[in-house]
Amino acid sequence: MNDWQRKSPLDWEMYVNKLVKVNAIEKHEYEGWVLTVDPVSASIVLATFLEDETVSISVVLGHAVQEIKVLQEGDDEMKQRLSCIFAPEESKAYNPEELEKRKNDLKTWLETNHIPVTEQGESGRTLCVAGVLTIDPPYGPEECSSSNEIILSRVQGLIQGYLEKQQ
């Protein structure tokens, strides 16, 4: 086990959203913005922004890391770019105010139709229907999840109908 693997998740968290240079075994070097570090394997997930605005993702396996050096701190704009890399395209189309309006409109519509709904999570972004189904932003049928397939199908159908009426 190398020094990198012996670090704690709190130590690894200090590297997130920073531009780093990783020296790995066999004289390999990797450079990129740290998205995350896997707490089990200590593997580092790096993002590199290419000239055509696409993103290249690299994973440096934890056992191969020999040295890591911070090259640059991430500013607020870079943190935002990094946080959106794996977000679904649909949710990128809405700003926070629009998402809040969509959530509140859907919640009101569900309550008007006597469907019990609550907000859950730290920020209250997830809607919970009858305690068995959740709806995440941007609050469409695709963002519904439930272990009960019948309820899932019916609520997805209701939301689809609701969204079609809104347009």
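Reckoned from all heavy atoms, side chains included, excluding hydrogens, waters and symmetry mates. Throughout, numbering of the chain's residues begins at 1 and tracks the sequence.
Nearest approach of Ile135 to Gly140, heavy atoms of both residues: CG2-O, 4.2 Å. In this structure, Ser146 and Val132 approach most closely via the heavy-atom pair OG-O, 2.7 Å. Between Leu35 and Val16, the shortest heavy-atom contact is O-CG1, 3.6 Å. Annotation for Cys128 and Gln120: closest pair CB-OE1, 2.7 Å, computed over non-hydrogen atoms.
Using a 4.5 Å heavy-atom threshold, the side chains of Leu133 and Asn148 count as separate. Residues Ile151 and Val155 have side chains in contact (heavy-atom distance under 4.5 Å, counting atoms from C-beta outward).
Within 6.0 Å of CD on Gln166 lie more than 12 heavy atoms contributed by other residues, nucleotides or ligands. Taking a 6.0 Å sphere around CD of Glu13, one finds it holds 12 or fewer heavy atoms contributed by other residues, nucleotides or ligands. For Leu50, the CG atom sits in a packed shell: over 12 heavy atoms of surrounding residues, nucleotides or ligands are nearer than 6.0 Å. Remark: Asn113 CG is packed, more than 12 non-hydrogen atoms of other residues, nucleotides or ligands lying under 6.0 Å away. Applying the 6.0 Å contact sphere to CZ of Arg125 captures no more than 12 heavy atoms from other residues, nucleotides or ligands.
Hydrophobic clustering (ILVMFWY, side-chain heavy atoms < 4.5 Å, transitive): Tyr30 and Leu61 are in distinct clusters. In the hydrophobic clustering of this structure, Val45 does not group with Trp12; members are Ile, Leu, Val, Met, Phe, Trp, Tyr whose side-chain heavy atoms approach within less than 4.5 Å, directly or through other members. Under the 4.5 Å side-chain contact rule for hydrophobic residues, Ile85 and Val34 do not share a cluster. Taken together through direct or relayed side-chain contacts under 4.5 Å among Ile, Leu, Val, Met, Phe, Trp and Tyr, Tyr139 and Val129 form part of one hydrophobic cluster. By the criterion of side-chain heavy atoms lying less than 4.5 angstrom apart, applied directly or through intervening Ile, Leu, Val, Met, Phe, Trp or Tyr residues, Met14 is not grouped with Leu71; the two fall into different hydrophobic clusters.
For the side-chain hydrogen bond (donor to acceptor under 3.5 Å, both in side chains) with Thr126, the qualifying choice from Thr118, Thr134, Asp136 is Asp136, the only one to do so.
Annotation: the span from Met78 atom CE to Leu19 atom CG amounts to 8.0 Å, rounded to 0.5 Å. We find the NZ-CD distance between Lys27 and Gln66 to be 10.5 Å, quoted to the nearest 0.5 Å. With rounding to the nearest 0.5 Å, the separation of CZ in Phe49 from CH2 in Trp33 is 8.0 Å. Considering CG of Asn2 and NZ of Lys7, their distance stands at 10.0 Å, rounded to 0.5 Å. Gln72 CD to Lys21 NZ: the interatomic distance, rounded to the nearest 0.5 Å, is 14.5 Å. Atom CG of Leu158 and atom SG of Cys144 lie 9.5 Å apart (nearest 0.5 Å).
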Using side chain to side chain contact (heavy atoms under 4.5 Å, CB included), reason through Thr48 and Val55 one step at a time and then give a plain yes or no.
CA-CA 6 Å; Thr48 307; Val55 180; over 6 Å; no

Evaluate the criterion side chain to side chain contact (heavy atoms under 4.5 Å, CB included) for residue pair Leu127 and Lys103; output intermediate values, then yes/no.
CA-CA 8 Å; Leu127 294 177; Lys103 178 187 79 172; 3.7 Å; yes

Quick one: do Glu143 and Arg102 satisfy salt bridge (charged side-chain N to carboxylate O under 4.0 Å, His left out)? Show the steps, please.
CA-CA 13 Å; Glu143 288 76 39; Arg102 283 178 63 96; over 6 Å; no

Derivation and outcome, side chain to side chain contact (heavy atoms under 4.5 Å, CB included), residues Ile115 and Glu111
CA-CA 5 Å; Ile115 298 171; Glu111 290 171 338; over 6 Å; no

Go through Leu46 and Ile57 one step at a time and tell me if the side chain to side chain contact (heavy atoms under 4.5 Å, CB included) criterion holds.
CA-CA 6 Å; Leu46 298 174; Ile57 303 294; over 6 Å; no

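With hydrogens and angles disregarded, no donor-acceptor distance shorter than 3.5 Å links the side chain of Glu164 to the backbone of Gly161. Under the 3.5 Å distance criterion, the side-chain polar atoms of Asp11 are matched with a main-chain donor or acceptor of Ser8. Formation of a donor-acceptor pair under 3.5 Å by the Arg6 side chain with backbone atoms of Met1 is found in this model. A donor-acceptor pair is defined here as one N or O able to donate and one able to accept, closer than 3.5 Å; no such pair exists between the side chain of Asn23 and the backbone of His28. Not a single donor-acceptor pair under 3.5 Å links the side chain of Ser43 to the backbone N or O of Asp38. Between the side chain of Ser153 and the main chain of Ile150, no donor-acceptor pair closer than 3.5 Å is present. Side chain of Asn104 to main chain of Glu100: a donor-acceptor pair is present (N/O by atom type, distance under 3.5 Å, no hydrogens or angles).
Trp4 and Tyr15 have perpendicular rings, their planes meeting at more than 60° on a 0 to 90° scale where under 30° would count as parallel.
The closest side-chain donor-acceptor pair between Asp52 and Thr54 falls under 3.5 angstrom. When only modelled atom types and interatomic distance are considered, Asp105 and Thr108 share no side-chain donor-acceptor pair under 3.5 Å. No donor-acceptor contact under 3.5 angstrom links the side chains of Gln160 and Gln156, judged on distance only.
Classification of Glu73 and Lys79 as a salt-bridged pair fails, no side-chain N sitting under 4.0 Å from a carboxylate O.
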